[in-house]
Amino acid sequence: MTGPLVPFREFVLKVHSRCDLACDHCYVYEHADQSWRTRPRTISDEVIFQTAQRLAEHASAHALPSVSVILHGGEPLLAGPARLRRVCEALTSALEGVAELDLRIHTNGTQLSPRYLDLFDAFGVRVGISLDGDRAANDRHRRYADGRSSHPLVLKAVELLRQERYRHLDLGLLCTVDIRNDPHAVLDALVELEPPLIDFLLPHATWDQPPLRPDGSPTAYADWLLAVFDRWEERGRPAPVRMFSSVFSTLGGGPSLTESLGLAPTDLVVVETDGRLEQVDSLKSAYEGAAATGFDVFGHTFDEVAAHPGVRARQLGLAGVGETCRRCPVVRSCGGGLYTHRYDPTGPAGAFDNPSVYCADLEALVRGIEARTADSLVAPAVTDPAELAAAQQDLTRTLLAQLNADIGRRGGEEWATAWELASAVEESEEGARGLDEVLALPYTRSWLLHALELVHEGRGAARAARRLPAYLAAAVVRAGLDLPVRVTFSDGRLFLPGLGEARVGGAGERGTALVRGMGDGFVVRREGAGAAGTDVVRLREATPVWRPLRRAAAPGQAPEPGPGPVSASVPGPLPGLVLDDLDPFRDCFPTPAVPALDDRAAAGLAARIDEAWAVIGSKAPGRVREMAGFLTTLTPLTGLGPTECSVGRHGRGALGIPVDGGPEELASGLLRGFRRAELRALRDVTDLYAADGSWDHRMPWQEEPVPFSRLLSDTYERIALGAFGSRWLEGVPEALDALEGAAELTVHGKRVLDLMRKEI
């Protein structure tokens with residue numbers, strides 16, 4: 001087995017090996033493995049102590065912030081309050097100062113009483129109760145050996161746990177599915193108990209011992225669960241259902257939330273009452289000894305168990321499922337099903353290297369949930385440009401808040417002063433708008449990402465603190481606020497993001513200057529010894545003191561007539577596209593930014609950009625409108641070919657462009673770069689795909705296989721480049737089909753794929 005060892009984070013501790021019920025669907029007593037007959041009834045002090053020490057050793061070795069221990073059986077409450085207290089005390093003591101301890105207990109509830117719950121309250125033990133629905137459903141399996149119903153006692157236990165003094169201990173209800181039960185009645189009965197979580201479990205089965213299918217339907221369990229889902233939706237989703245939440249998560253590109261679905265590696269180990277260490281309990285359904293490892297807590301560490309081939313097989317994610325499952329589009333959601341359910345002793349590829357015995361059910365369940373909820377799951381940013389801009393702005397603000405939190409933990413008076421000033425700027429409507437405009441600048445994101453990296457390395461708090469006032473000064477100037485902002489400058493230059501550069505000293509000089517907004521400009525005064533007088537700057541006027549950022553016509557916009565740089569009055573957003581050759585954080589592209597352009601070079605580039613828009617407008621007028629709503633900043637780069645434009649690590653709206661080439665070449669590069677930037681902006685705020693690089697795909701226009709991301713981006717660009725010749729569309733329909741059948745695609749990605757099909 002390959003791949004790094006995955007430490008255990010969840011430990012099932014068997015505290016009692018017998019049960020007071022005789023459930024006929026129990027994997028411990030009714031299935032193939034009967035090793036329970038040779039186990040001690042109750043866990044001993046020696047096993048408790050050694051388990052606690054091994055657990056602390058494992059948590060310390062892997063620096064685990066927390067571990068979860070589930071007290072299990074048999075029926076764990078049969079161990080009695082005194083024995084359970086001993087377990088809780090030993091685990092709590094061993095893990096103190098090592099890792100947080102999350103203690104849980106899974107019980108049938110028949111023995112639950114205030115005496116137990118008071119004990120659990122003292123140690124923070126949360127309680128999950130098994131209940132299969134209404135009385136008719138529960139009594140189908142969960143009875144005493146003499147046939148008596150357990151339902152009244154279980155309801156009593158649930159009601160006890162719902163009392164105000166115990167409600168915080170309630171983990172929820174575990175329900176084993178039986179398709180002979182009424183799905184609506186089962187859900188209604190569970191929901192009426194107001195659980196914090198409902199966990200539906202498929203009955204354990206294998207290809208050797210397949211599940212009950214009274215009508216022979218290969219999707220009977222999916223049909224039953226989808227009937228539950230529809231009822232759950234109809235009732236307004238009254239309680240979380242783990243299985244449904246897991247499918248929602250994986251459809252959106254997130255992780256699975258349950259062992260029975262998804263590709264997340266297993267991180268669970270079982271400690272039996274005699275101290276033997278075993279794999280997940282459900283394997284007892286396969287055959288005698290299927291869960292055994294040959295290890296125990298007295299002679300072996302948890303790391304040794306984690307390296308066991310059987311455990312490793314369930315830690316490989318996608319590599320751990322069979323070839324049939326790897327090719328299935330829903331494998332990220334179903335994960336090949338529970339490992340136990342893949343068991344087939346006659347399987348040609350190996351006993352567990354098979355699809356789940358519930359394969360058809362799992363696919364139908366995932367597709368059924370997706371069909372019912374895709375519209376509500378798709379992020380608005382995918383279909384609405386305004387929502388994409390808002391999501392991008394939220395991301396930048398989130399990064400700023402994170403930087404504030406990180407610097408705050410390290411102290412920093414200079415940053416605290418600047419942060420207070422930011423609050424003052426936002427107090428007025430104009431100031432808040434000005435700050436929003438500055439945060440929307442693409443290279444603000446570059447600065448934030450750079451600053452966070454430096455702060456996390458322990459060397460960037462002071463530099464980040466010095467940079468924030470420059471953004472606040474730019475916001476104040478945009479808003480025309482008469483609010484002084486003290487800004488640090490270096491090499492005699494003070495850069496105001498999105499606006500331009502003021503010269504406040506000679507080459508090599510460093511210091512501070514005060515900046516105040518003023519109508520259509522600002523006032524700047526250098527502080528300290530030898531400071532000159534106050535300079536008044538008009539944003540539209542280039543002077544020896546002030547160099548505005550040059551601007552070019554935006555797509556579909558005529559260039560502003562007259563000499564000199566194109567600018568505008570404030571407040572309000574500035575028109576046109578910024579030709580940013582000044583921002584120190586513009587150097588975030590794969591190739592370096594060019595030094596500041598002289599007037600002649602800038603004028604030539606602006607003219608070529610205007611001609612390129614005309615080319616795009618003649619070939620694809622609809623694209624011009626899209627680009628006008630997206631692009632804000634163009635930065636000249638070195639090392640680019642004449643048809644290349646670059647996307648860097650920055651916020652929405654910027655492209656790196658070549659300084660050489662003709663208008664037709666630049667038009668092609670701008671269109672391609674815009675599509676790349678648009679897709680990048682979407683990926684910043686949504687998961688269009690997941691598990692990139694786990695599969696290889698062939699593109700119709702080249703032989704070498706590529707990851708999903710490359711297939712998607714190339715296809716996305718080629719659809720737009722079709723305006724420059726039909727050759728760009730060759731192979732695109734086949735590429736779209738390959739994308740549609742890929743397991744990586746999320747619901748957001750599928751919506752983008754729908755839009756791509758409509759484009760062609």
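What you see is a predicted model; the values in this text were computed from it and never measured. Here, residue 1 is the first one in the sequence, and each next residue gets the next number.
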> Given the rule in the side-chain contact (heavy atoms from CB on, under 4.5 Å) test, do L539 and V477 qualify, once you have shown the distances and angles that lead to the verdict?
Replying inline: CA-CA 9 Å; L539 288 180; V477 171; 4.1 Å; yes
> Under the side chain to side chain donor-acceptor pair (under 3.5 Å) criterion, do D692 and S709 qualify, and how do the steps go?
Replying inline: CA-CA 7 Å; D692 190 40; S709 55; 2.7 Å; yes
>> Tell me the closest heavy-atom pair linking L688 and T686, and the distance in Å.
In response: CD2-OG1, 3.4 Å
> At what distance, to the nearest 0.5 angstrom, does OG1 of T444 lie from CZ of R467?
Replying inline: 8.0 Å
> CG/L441 to OG1/T632 distance, rounded to the nearest 0.5 angstrom?
Replying inline: 7.0 Å
> Do Y689 and R683 have side-chain heavy atoms sitting under 4.5 Å apart?
Replying inline: yes
Output side-chain donor-acceptor pairs under 3.5 Å for residues 420-429, partner residues at least two apart or in another chain, one line each.
residue	atom	partner	partner atom	Å
S423	OG	W419	O	3.4
E426	OE2	R397	NH2	3.0
S428	OG	G431	N	2.9

>> Using side-chain heavy atoms (C-beta onward) and a distance below 4.5 Å, is Y471 in contact with V487?
In response: no
> Taking the side chain as C-beta and beyond, is there a heavy-atom pair between V647 and F589 under 4.5 Å?
Replying inline: no
> Can a donor-acceptor pair be found between the side chains of Q393 and R652 at a distance below 3.5 Å?
Replying inline: no
> Can you name the nearest heavy-atom pair linking L388 to A681, along with the distance?
Replying inline: CD1-O, 3.8 Å
>> Quick check for you: to the nearest 0.5 Å, what is the distance between L454 atom CG and L403 atom CG?
In response: 10.0 Å
>> To check you understand the geometry: which heavy-atom pair defines the closest contact between P658 and L666, and what is its length?
In response: CD-CD1, 4.1 Å
> Charged N to carboxylate O under 4.0 angstrom, R493 versus E509?
Replying inline: no
> Is the cationic atom of R586 (NZ for Lys, CZ for Arg) positioned less than 6.0 Å from the six-membered ring centroid of Y443 and within 45 degrees of its normal?
Replying inline: no
>> I'd like to know if R757 pairs up with E740 as an ion pair, taking the criterion as any Lys NZ or Arg NE/NH1/NH2 lying under 4.0 Å from an Asp or Glu carboxylate oxygen.
In response: yes
> Roughly how far, to the nearest 0.5 Å, is the OG atom of S646 from the CZ atom of R672?
Replying inline: 12.5 Å
> How about F522 and L496: do any of their side-chain heavy atoms sit closer than 4.5 Å?
Replying inline: yes
> What do the steps show when you test F708 against L745 for side-chain contact (heavy atoms from CB on, under 4.5 Å), and what is the final call?
Replying inline: CA-CA 9 Å; F708 181 88; L745 208 59; 3.2 Å; yes
> If every non-hydrogen atom of L682 is compared with every non-hydrogen atom of A381, which pair is closest and at what distance?
Replying inline: CD2-O, 3.4 Å
>> Any carboxylate oxygen within less than 4.0 angstrom of a Lys/Arg side-chain nitrogen, looking at R445 and D684?
In response: yes
> Can E759 and R675 be counted as an ion pair, charged N to O under 4.0 angstrom?
Replying inline: yes
> Taking atom CG of L679 and atom CG of L712, what is their separation to the nearest 0.5 Å?
Replying inline: 5.0 Å
> Among D583, L452, L468, L399, which one satisfies side chain to side chain contact (heavy atoms under 4.5 Å, CB included) with W447?
Replying inline: L468
>> How close do C645 and I657 get, counting heavy atoms only, and between which atoms?
In response: SG-CG2, 3.8 Å
> Between E730 and W701, is any pair of side-chain heavy atoms under 4.5 Å apart?
Replying inline: no
> Are side-chain N/O atoms of T643 and E665 paired as donor and acceptor at under 3.5 Å?
Replying inline: no
>> Just verifying a value: how many Å separate L739 CG and M699 CE, rounded to the nearest 0.5 Å?
In response: 10.5 Å
> Does a salt bridge link D714 with R710, judged by any charged N lying under 4.0 Å from a carboxylate O?
Replying inline: yes
> How about D406 and H456: does a side-chain donor come under 3.5 Å of a side-chain acceptor?
Replying inline: yes
> When you check the gap from the basic side-chain N to the acidic O, do E644 and R676 get nearer than 4.0 Å?
Replying inline: no
> Are R503 and D491 close enough for a salt bridge, meaning some N to O gap below 4.0 Å?
Replying inline: no
> So E664 and K619, salt bridge (Lys or Arg N to Asp or Glu O under 4.0 Å) or not? Walk me through it.
Replying inline: CA-CA 11 Å; E664 185 94 15; K619 296 178 180 292; 3.8 Å; yes
> Below 4.5 Å, heavy atoms only, C-beta onward: do E414 and P469 meet side chain to side chain?
Replying inline: no
> Hey, are the side chains of I609 and L634 touching, using non-hydrogen atoms and a 4.5 Å cut-off?
Replying inline: yes
>> Tell me whether E626 is salt-bridged to R623, with the criterion being a basic N under 4.0 Å from an acidic carboxylate O.
In response: yes
> Heavy atoms, side chains only, cut-off 4.5 Å: are L597 and P636 in contact?
Replying inline: yes
> Around atom CZ of R486, are there more than 12 heavy atoms of other residues, nucleotides or ligands at under 6.0 Å?
Replying inline: no
>> Using salt bridge (Lys or Arg N to Asp or Glu O under 4.0 Å), reason through E453 and R649 one step at a time and then give a plain yes or no.
In response: CA-CA 13 Å; E453 288 175 359; R649 195 179 70 152; 2.5 Å; yes
> Going by an N to O cut-off under 4.0 Å, is there a salt bridge joining E744 and R332?
Replying inline: no
>> Could you walk me through whether L439 and L400 satisfy the side-chain contact (heavy atoms from CB on, under 4.5 Å) test, starting with their C-alpha distance in whole Å, then the side-chain angles of each, then the deciding distance to 0.1 Å, before giving a yes or no?
In response: CA-CA 9 Å; L439 291 176; L400 180 59; 4.0 Å; yes
>> Can you confirm if the NZ or CZ of R540 lies within 45° of the ring axis of W546 and under 6.0 Å from the centre of its six-membered ring?
In response: no
> Name the one of D581, D598, D580 that satisfies salt bridge (Lys or Arg N to Asp or Glu O under 4.0 Å) with R550?
Replying inline: D581
>> Looking at R538 and D520, is there a salt bridge between them, counting it only when a charged N and a carboxylate O are closer than 4.0 Å?
In response: yes
>> Between L377 and T746, is the side-chain contact (heavy atoms from CB on, under 4.5 Å) condition met? List the steps.
In response: CA-CA 10 Å; L377 290 177; T746 66; over 6 Å; no
> What heavy-atom pair brings H748 and A379 nearest, and what distance separates the two atoms?
Replying inline: ND1-N, 3.2 Å
